[in-house]
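What you are looking at is a predicted structure, and each value in this text was computed from that prediction instead of being measured. Whatever order the structure lists ligands and atoms in, that order sets their numbers, starting from 1.
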Amino acid sequence: MSRIVILTGAGISRESGLETFRDEGGIWSRVRLEDVCTPQGFARDPTLVDNFYNQRRRELQTAHPNPAHEALAALENAYHPSEDDAFLLVTQNIDDLHERAGSRNVLHMHGELKRLRCSTCGITFHWEKDCHPETCCPACDQPTLRPDVVWFGEMPLHMERILSAIARCDLFVAIGTSATVYPAAGFVEQASGHAHTVELNLVPSGNAVLFNEAAYGTATQIVPRFVQNLLQEGHVHE
Ligand code: APR
């Protein structure tokens with residue numbers, strides 16, 4: 001395999017103690033996504049939305065990368081791509097566990113929990129504490145900050161770079177995602193014509209039939225095994 005694109009979802013962080021969205025008891029079973037994950041929800045009640053992300057930011061302080069995150073970092077390290085995005089990790093997750101495991105070429109298509117964005121001057125910046133409607137922007141001093149995450153109805157980030165990498169990849173692997181949210185759920189179809197496609201998940205996703213290969217189980221079990229096989233078979237080379 002000379003060019004690899006990996007897509008991850010909430011399932012890869014589940015064993016680090018972070019909740020998924022659509023599993024039983026998941027986030028959307030307790031909170032209405034319309035209230036906390038849309039621009040309209042934020043306009044209606046910014047305190048509710050800030051507190052939703054403040055709680056998740058606090059949970060992330062005590063979460064750590066798990067062996068699945070670490071296996072992907074090891075795969076990237078073992079594979080020295082000569083060109084940009086020859087190894088690309090695209091995540092729907094807003095946690096920083098991939099980076100903390102050592103992954104380097106990571107794109108957060110739904111934004112990042114540890115960043116804020118100012119709606120007045122547009123800057124985005126690293127932020128680890130709580131944020132409130134009265135918190136002021138460090139650049140323009142206006143109280144117009146919001147989580148730097150992509151809400152439903154907003155454009156996901158880095159799409160041109162992601163689609164270009166998928167169009168040229170030999171291997172596309174989707175890990176820990178229910179394949180219910182587009183455009184991420186459509187990536188496997190964009191890869192299917194020319195790449196070998198693999199699903200690694202707890203249970204078959206809605207897209208399972210579209211993949212050439214699949215392994216089901218917990219991410220900390222199946223991802224390290226998949227990476228080990230890939231490295232042993234010598235498939236990963238420049
Ligand atoms: N190991 C592997 N997979 C797991 C595990 C685990 N331990 N636990 C759960 N899963 C799987 C579930 O079977 C499910 O298919 O992870 C998937 C999680 O699906 P979702 O909760 O829908 O999360 P995700 O696919 O990342 O959601 C996509 O939806 O709400 C938006 O912006 C949010 O980025 C998110 C997007």
N/O donor-acceptor pairs under 3.5 Å from side chains in residues 177-192, not counting sequence neighbours:
unit_1	atom_1	unit_2	atom_2	d
T177	OG1	Q92	NE2	2.9
T177	OG1	A179	N	3.4
S178	OG	T180	OG1	2.7
T180	OG1	R22	NE	3.4
S192	OG	V188	O	2.6

Item to complete: Report the residues that fulfil side-chain hydrogen bond (donor to acceptor under 3.5 Å, both in side chains) with T120, sequence neighbours left out, ordered by chain and then residue number.
Response: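 Scan of T120 (side-chain hydrogen bond (donor to acceptor under 3.5 Å, both in side chains), adjacent residues dropped) gives T144.
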
Worksheet item: Thinking salt bridges, do D130 and R58 make one under a 4.0 Å N-O criterion?
Response: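 Salt bridge between D130 and R58, a charged N being under 4.0 Å from a carboxylate O: yes.
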
Item to complete: Using a strict 4.0 Å threshold on nitrogen-to-oxygen distance, state whether R3 and D85 make a salt bridge.
Response: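 A salt bridge is absent here (no side-chain N lies under 4.0 Å from a carboxylate O).
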
Worksheet item: Do R100 side-chain atoms and A63 backbone N/O form a donor-acceptor pair below 3.5 Å?
Response: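 Present.
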
Worksheet entry | Protein residues having a heavy atom less than 4.0 Å from any atom of ligand 1 |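 Shell around ligand 1 (4.0 Å, heavy atoms): G9, A10, G11, R14, E15, T20, F21, R22, D23, W28, Q92, H110, F152, G176, T177, S178, V181, N201, L202, V203, G217, T218, A219.
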
Discussion item. Does anything in residues 6-41 form a ring-ring contact (aromatic ring centres under 6.0 Å, His included)? List the pairs, not counting sequence neighbours.
Written reply: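 Non-adjacent pairs meeting ring-ring contact (aromatic ring centres under 6.0 Å, His included): F21-W28.
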
